[in-house]
Amino acid sequence: MEKIDYTDTGQFCSGHVACAGCAEALAMRVILNEVGTDAVGVVVPSCTAVILGGHPMSSAKIPFLHGTLESAAASAAGVKRALRAMGRDDTTVLCLAGDGGTYDIGLQSLSSAAERNEDILYVCFDNEGYMNTGGQKSSSTPKSATTGSTPLGKTTRKKNLIEILAAHRIPYIATVSPSHLNDMKAKVKKAKGMRGMKVIIVLIPCLPGWGVADNAAVKTARLAVESGVFPLIEVEDGLTYKVAQDEKKHPLDDYLAQQKRYRHLKDDDRAELQADVDASWSRLIGLAAM
C-alpha cells in the first residue's frame with residue numbers, strides 16, 4: 001500500500017465527538033487545513049455540526065455560523081457579502097452541509113446561489129442518508145440500499161447532483177474521497193484559488209448507517225472510487241469533465257460486501273446494480289472525452 005505523505009497544520013482540533021473511525025473527521029481535517037486561517041465557516045444541522053460543536057468549544061480554528069438546514073448556501077452567500085462590505089473580499093467563506101441539506105432540503109438555496117455564482121466554497125459531506133436522525137433515506141441514497149425508511153431497499157436511483165450543478169455552469173465542481181487525501185487537498189486548494197461558486201462533494205461511508213466496520217470506512221471509500229460507484233472527477237464551467245482514474249479496478253461486489261445495507265440483495269439485483277455502474281461510467285468517460 002502506498003504511504004500518504006501529509007502534514008497536518010492543526011486547523012482541526014482533537015476532542016470532537018465523531019464516531020470512532022468516522023471518515024468525515026479525517027476529511028474535515030484535510031479541508032480545514034487547506035482552507036487556512038483567513039476564512040469564515042457556515043454549517044447547518046448535520047453530523048458535521050455535531051462534530052464541530054459550538055463556540056467557544058468548536059473543533060475548528062476558524063469561526064463558524066450555525067444556520068438552518070434549508071439555507072446553507074444562502075447563509076454562506078450572506079456572510080460573503082458582509083465580508084465584502086467590510087473590505088475582506090479575499091476571505092474564504094466555507095459552507096459545510098450534509099446530503100440532506102444539499103440534495104434535498106437545501107437544494108433550492110444551493111441552486112439559487114449557483115445561478116448567482118456566489119463566491120463561496122460549498123462542501124457536501126455525502127453519507128447518503130439522514131444519518132443524524134436515525135438513518136432515513138435521502139435522494140442521495142443509492143438504489144436498493146436499506147435505510148430506516150426503506151427497510152426493503154430504496155426503489156429509485158441516487159440523484160445526479162453533479163450534472164444538476166453542471167447545468168448551472170458554475171466555475172468548479174469536484175468529487176473527493178477520504179481514501180485519496182492528496183487528491184482532496186489539491187482540489188480544495190484549486191477551488192480556494194478560484195472566484196465564484198465552487199462545490200465539492202465528499203463521500204463519507206457512515207459506519208452505523210451503512211453497516212460498515214469501525215476500521216473500514218477508508219477502505220470502503222476506496223472501493224467506491226475503484227469500482228466506479230464514486231469516481232473522482234472535476235467539472236469546470238459545467239462543460240469540461242476530468243476523471244482522475246483511467247479504469248475501474250474492482251467489481252461492484254467488492255464494494256457492496258463491506259456494507260450491511262446491501263446484504264439483502266440477490267444475484268440478479270447485484271447484476272442490475274453493476275450494469276447501472278457500468279453505464280454511468282461509460283457515460284462519464286464519454287463526457288470527459290468531449
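All values below come from the heavy atoms of this structure, side chains included, with hydrogens, waters and symmetry mates left out. Quick caveat: nothing in here was measured; it's all calculated off a predicted structure.
Using a 4.0 Å cut-off between charged nitrogen and carboxylate oxygen, E128 and R261 count as a salt-bridge pair. Taking 4.0 Å as the cut-off between side-chain N and carboxylate O, K158 and D99 do not count as a salt-bridged pair.
By the neighbour-count criterion of 12 heavy atoms within 6.0 Å, atom CZ of R84 is densely surrounded, having more than that number from other residues, nucleotides or ligands. Annotation for R116: atom CZ counts as buried by contact number, over 12 foreign heavy atoms lying within 6.0 Å. More than 12 non-hydrogen atoms from other residues, nucleotides or ligands lie less than 6.0 angstrom from CG of D38. Counting non-hydrogen atoms of neighbouring residues, nucleotides and ligands closer than 6.0 angstrom, the CD atom of Q245 exceeds 12 such neighbours. In this structure, K219 places its NZ atom where only 12 or fewer heavy-atom neighbours from other residues, nucleotides or ligands lie under 6.0 Å away.
Once rounded to the nearest 0.5 Å, the distance linking OG1 of T92 with CD1 of I62 reads 8.5 Å. Summarising the geometry, atom CH2 belonging to W281 is positioned 12.0 Å from atom CD belonging to Q274; distances are rounded to the nearest 0.5 Å. Rounded to the nearest 0.5 angstrom, S46 OG and I105 CD1 are separated by 11.0 Å. The distance from atom NZ of K185 to atom OG1 of T7, rounded to the nearest 0.5 Å, is 6.5 Å. Summarising the geometry, atom CZ belonging to R88 is positioned 9.5 Å from atom NZ belonging to K80; distances are rounded to the nearest 0.5 Å. Once rounded to the nearest 0.5 Å, the distance linking CE of M290 with OG1 of T240 reads 10.0 Å.
Hydrophobic cluster of Y172: the remaining members, joined at side-chain heavy-atom separations below 4.5 Å, are M194, listed by chain and number.
Side-chain atoms of D104 and S139 form a donor-acceptor pair, as typed in the model, at a separation below 3.5 Å. Counting only N and O atoms by type, the side chains of D269 and Y262 include no donor and acceptor under 3.5 Å apart. There is a side-chain donor-acceptor pair under 3.5 Å between T48 and E24.
Classification of the Y255-W210 ring pair by plane angle, with boundaries at 30° and 60°, yields perpendicular.
Counting only heavy atoms from C-beta outward, the side chains of K187 and L232 approach each other to under 4.5 Å. Within the 4.5 Å cutoff, no side-chain heavy atoms of S227 are placed close to those of V277. Inter-residue side-chain proximity for P231 and T175 is flagged as unmet; no heavy-atom pair is nearer than 4.5 Å.
A donor-acceptor pair under 3.5 Å is absent between the side-chain atoms of H168 and the main chain of A113, judged by distance alone. For the pair H180 (side chain) and V176 (backbone), a donor-acceptor distance under 3.5 Å is absent.
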Side chain to side chain donor-acceptor pair (under 3.5 Å) evaluation trace for Y122 with T102 = CA-CA 10 Å; Y122 188 106; T102 301; 2.7 Å; yes
Which is it for D119 and R81 under the salt bridge (charged side-chain N to carboxylate O under 4.0 Å, His left out) test, yes or no, and what are the steps along the way?
-> CA-CA 9 Å; D119 188 16; R81 293 186 183 209; over 6 Å; no
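Minimum heavy-atom separation, Y6 to N182: CD1-OD1, 4.4 Å. In plain terms, the two heavy atoms of S138 and K154 that are nearest each other are O-CE, 3.5 Å. The shortest heavy-atom contact between V42 and A76 is CG2-CA, 3.8 Å. Nearest heavy-atom pair across L69 and G101 is CD1-CA, 3.7 Å.
The side-chain contact (heavy atoms from CB on, under 4.5 Å) with Q11 is formed by just one residue from the set T37, V35, I31; it is T37.
Under the 4.5 Å side-chain heavy-atom criterion for ILVMFWY residues, no single connected hydrophobic cluster contains both V79 and L94. Hydrophobic clustering, with ILVMFWY side chains joined whenever heavy atoms are under 4.5 angstrom apart, keeps M28 apart from V44.
Applying the salt bridge (charged side-chain N to carboxylate O under 4.0 Å, His left out) test to pairs two or more places apart or on separate chains, those with a residue in residues 27-37 are D8-R29.
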